[in-house]
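These figures come from a predicted structure and were not determined experimentally.
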Amino acid sequence: MALATVLVQRVYLLGDLDQRVTDAAERSQGGLQRRTGGATDLGFLNERGQPAGTLAARFADGEIIAAEVVTADGRQQVLTGVQRAALAGIAADGSLHTRTVPGLGVYRVTAIGGDGVPVLAGLPMADVRQVIDRLVAVEAVIAGVGLVTAACASAVVIRRQLRPLGRVAGTAAEVARVPLDRGAIAALPRVAACDTDPGTEAGQVGVVLNQLIDHVESSLAERRRTEERMRRFLADAGHELRTPLASIAGYAEYLNGEDRTIPADVAWHRVLAQSARMTALVEDLLLLARLDEGRPLHLAEVNLATLVAEAVWDARAAGKGHDWRLALRVDGPVTVVADASRLHQVVANLLANARVHTPAGTEVTVVVETPGPDRCVIRVRDDGPGVPAGLLPSVFERFTRADGARSRTPGVAGGTGLGLAIAAAIAQAHGGRLEVESEPGRTEFSLTLPTAGRSCVADPPEL
């Protein structure tokens, strides 16, 4: 703005000066035409209206033969030869020129001829330059003050606007100092609500940082839960394996000894029984590991009604003390794409769970239904004592037992607590889910599977 003002003002002042120079030349020529003096007469400079510093000259054959200037006291002063030489070469065509006259300064001059007497006139540019210089100085001061003021104001505003960002950075630094790789981790600091305005850039950073901290906390919590489940799983697996190993070692030592109180064949049968128990446990653990790794299943189309009916017949043969019932609530064949042996294992585990954890005389109902065109449901319902409420959240976790809460059939050995975990893992591997609802007098396990037209295989379950 200052530069534009100076340029515009300079153009305006020079234009005004050029106009005054042209007017002065025309007045000089008119004054000469009214006078009767000689060729070197410049008496018209004594006329009124000639400002101080006005310069006039006369030509003869293109050469300056007389040149004078009006002094500050209103008198005329003859120019010296050197000063006249500075005015040489100006044609009498009315064009404007800038010349530096020694001892007088810079002049704006023009020469006109035409039908009149050729004459040269000029006015000093000192006043114009002085005005321009003062304007430049004033504009420079104003611009400097304006820039300093703007810089100070901007610094204050920017600092104030960046305070929330500084607090956000402080929160991030606090989180960075928390030892996340060891020990118990307390609640991580959060960005204050006043610094999470989504309408500002700093607020957006605060919102995103809080989301990141929430994600870190949830990930750490899940990692701790996974580690706890892993430790518990390893402890339970070690305990389950230690029991049959201790029995085998004890009976082997007994067989090697001489003081025997029981027949050797009985001890040997106990060794075989404990070995079979340990083998079954290891096979269950290997199956869970394969399901966790997401190993492919042997998929084929399976008639669900036939598979469930066969499993119920097997359960009826194993649990004659229970009342087994089968209800097929379907309009026609129900086909699913599944691993038939694994799916049979799921149904068998559910039926064995109902048989083992309920007293004799319990009614167990197995229902196969299709609540929608893209899914089918197998429900295993019994009227036994039910699953304790405190056990429901972890009923599908590994090595979870309900021995203390549900009565056990006399003479039946306790399980390892992997049956329902295996069933849930197989269901998830088939793109389905296994759920349970229980209360005293009614327990229902629901296995939901996609039908053949909507079959899918899910991601491997988490340990």
Do Thr451 and Thr335 touch side chain to side chain, with heavy atoms closer than 4.5 Å?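 Not touching, per the 4.5 Å side-chain cut-off.
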
Could Arg224 and Glu222 be called an ion pair, given the rule that one side-chain N must be under 4.0 Å from one carboxylate O?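 Not counted as a salt bridge, because no side-chain N and carboxylate O are separated by less than 4.0 Å.
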
The criterion is side chain to side chain contact (heavy atoms under 4.5 Å, CB included); which residues satisfy it with Asp18, sequence neighbours excluded?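 Checked Asp18 against side chain to side chain contact (heavy atoms under 4.5 Å, CB included); matches are Leu96, Arg108.
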
With Asp73, which residues qualify under side chain to side chain contact (heavy atoms under 4.5 Å, CB included), at least two apart?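 Asp73: side chain to side chain contact (heavy atoms under 4.5 Å, CB included) contacts with Thr71, Arg75.
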
Distance in Å, Leu304 CG paired with Ile378 CD1, rounded so as to fall on 0.5 Å steps: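 Rounded to the nearest 0.5 Å, the CG-CD1 separation comes to 4.0 Å.
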
Atom CD of Glu444 and atom CG of Leu350: how far apart are they, to the nearest 0.5 Å?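 Going from CD on Glu444 over to CG on Leu350, the span is 11.0 Å.
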
Using distance only, find each side-chain donor-acceptor pair of residues 120-148 under 3.5 Å and give its atom names and separation, not counting sequence neighbours.
none

Can you find a side-chain donor-acceptor pair between Arg375 and Thr448 that sits under 3.5 Å?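 Per modelled atom types, Arg375 and Thr448 side chains form no pair under 3.5 Å.
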
Side chain to side chain contact (heavy atoms under 4.5 Å, CB included) between Leu55 and Leu87, worked out: CA-CA 10 Å; Leu55 183 149; Leu87 300 176; 3.6 Å; yes

Pairs of donor and acceptor atoms involving the side chains of residues 186-195, under 3.5 Å and at least two apart or interchain, shall be tabulated with distances.
{"unit_1": "Arg190", "atom_1": "NE", "unit_2": "Asp214", "atom_2": "OD1", "d": "2.8"}
{"unit_1": "Arg190", "atom_1": "NH1", "unit_2": "Leu188", "atom_2": "O", "d": "2.8"}
{"unit_1": "Arg190", "atom_1": "NH1", "unit_2": "Glu217", "atom_2": "OE2", "d": "3.3"}
{"unit_1": "Arg190", "atom_1": "NH2", "unit_2": "Asp214", "atom_2": "OD1", "d": "2.6"}
{"unit_1": "Arg190", "atom_1": "NH2", "unit_2": "Glu217", "atom_2": "OE1", "d": "2.7"}
{"unit_1": "Asp195", "atom_1": "OD1", "unit_2": "Arg167", "atom_2": "NE", "d": "3.4"}
{"unit_1": "Asp195", "atom_1": "OD1", "unit_2": "Arg167", "atom_2": "NH2", "d": "2.8"}
{"unit_1": "Asp195", "atom_1": "OD2", "unit_2": "Arg167", "atom_2": "NE", "d": "2.8"}

Under the salt bridge (charged side-chain N to carboxylate O under 4.0 Å, His left out) test, which residues partner Arg20, sequence neighbours left out?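 Expected list: Asp16.
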
Residues in side-chain hydrogen bond (donor to acceptor under 3.5 Å, both in side chains) with Gln161, at least two apart?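 Scan of Gln161 (side-chain hydrogen bond (donor to acceptor under 3.5 Å, both in side chains), adjacent residues dropped) gives none.
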
Closest contact, heavy atoms only, Gly53 versus Tyr107: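 Shortest heavy-atom separation between Gly53 and Tyr107 comes out as O-OH, 2.7 Å.
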
Using a cut-off of 6.0 Å, state whether more than 12 heavy atoms not belonging to Glu437 lie near its atom CD.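 No - once you tally the heavy atoms of other residues, nucleotides and ligands closer than 6.0 Å, there are 12 at most.
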
